[in-house]
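All residue numbers in this chain count up from 1 along the given sequence.
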Amino acid sequence: MERTLILIKPDAIGRGLIGKIITRFEEKGLKLAGIKFLKLTDALLSEHYSHLADKPFFGGIKRFMQLTPVIAICLEGLDCVETTRRLCGITKAREAAPGTIRGDWAMSVQANLVHASDSIETANQEVKRFFDDSELFEYEIALTSMIYSEDELR
Ligand code: IDP
Ligand code: MG
């Protein structure tokens, strides 16, 4: 099954939304393959946000992402990358659709609670960037046969 990278950002940590955000993913039926708490270094952020390096807010976003440790999660599921992006909502949180994480709980473009990989290719790179193989787990959750049909599990 597909895997993607989620970061729970400092605004979510500071606002006490860790549990609620993880619950959204769990209740959707996505499975945690890995999870950890870490402080982002300048080098890791420069790599992770390299597509924004020429933007005027690049310094700001790096400072913001270092305000607290963040939680990195590797999620697993069918079409996990696209599904997770939809659950998170668009970048500008105050315009994100109600029912999404950003749409329900955030107002800012920068402080938008979560990062989610934006394509399968990016997801593969980002999961590797944040997790060693030994930190990712294959296991069965009891509800798998209730979440997917037999066809979907094949
Ligand atoms: P995404 O997180 O929705 O994929 P990206 O364009 O990849 O959005 O930007 C990465 C992160 O950079 C955003 O989630 C947000 O925190 C921050 N960011 C993006 N655009 C702006 C901006 O115009 N001002 C301030 N921060 C921004
Ligand atoms: Mg992005």
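Classification of Arg85 and Asp118 as a salt-bridged pair fails, no side-chain N sitting under 4.0 Å from a carboxylate O.
Atoms NZ and CG, from Lys62 and Leu52 in turn, are 11.0 Å apart once rounded to the nearest 0.5 Å. Rounded to the nearest 0.5 Å, atoms CD (Glu47) and CG (Leu40) are 11.5 Å apart. Rounding to the nearest 0.5 Å places CG of Leu87 at 11.5 Å from CD1 of Ile21. In this structure, CD on Glu26 lies 10.5 Å from CG on Leu143, to the nearest 0.5 angstrom. Rounding to the nearest 0.5 Å gives a distance of 12.5 Å between CZ of Phe57 and CZ of Phe64.
Taking the centre and axis of the six-membered ring of Phe131, the NZ or CZ atom of Lys36 falls inside the cone set by 45° and 6.0 Å. Remark: Lys31 qualifies as a cation-pi partner of Tyr139 under the 6.0 Å distance and 45° angle criteria applied to the six-membered ring.
Closest approach of Gly99 to Asp104, counting heavy atoms only: N-OD1, 2.7 Å. Closest approach of Asp54 to His51, counting heavy atoms only: OD1-O, 4.3 Å. The heavy-atom pair separating Ile22 from Ile8 by the smallest distance is CG1-CD1, 3.8 Å. Pairing each heavy atom of Glu126 with each of Ser117, the nearest pair is OE1-OG, 2.7 Å. Between Val109 and Arg94, the shortest heavy-atom distance links the atoms N-NH1, 4.3 Å.
For the pair Thr100 (side chain) and Ala96 (backbone), a donor-acceptor distance under 3.5 Å is absent. In this structure, the side chain of Asn112 engages the main chain of Thr91 through a donor-acceptor pair within 3.5 Å. No donor-acceptor pair closer than 3.5 Å links the side chain of Gln66 to the backbone N or O of Arg63. Panel note: side chain Arg15, backbone Trp105; a donor-acceptor pair is recorded below 3.5 Å.
By the side-chain hydrogen bond (donor to acceptor under 3.5 Å, both in side chains) test, Asp133 is found to be paired with no residue, residues two or more places apart in sequence or in another chain being considered.
Atom CE of Met107 has 12 or fewer heavy atoms from other residues, nucleotides or ligands within 6.0 Å.
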Side-chain donor-acceptor distances from residues 75-84 under 3.5 Å, at least two apart:
| residue | atom | partner | partner atom | Å |
| --- | --- | --- | --- | --- |
| Glu76 | OE1 | Arg3 | NE | 2.8 |
| Glu76 | OE1 | Arg3 | NH2 | 3.0 |
| Glu82 | OE2 | Arg86 | NH1 | 3.3 |
| Thr83 | OG1 | Asp79 | O | 2.8 |
| Thr84 | OG1 | Cys80 | O | 2.5 |

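Considering Leu67, Leu113, Ile71 in turn, Ile71 is the only one that fulfils the side chain to side chain contact (heavy atoms under 4.5 Å, CB included) rule with Ile13.
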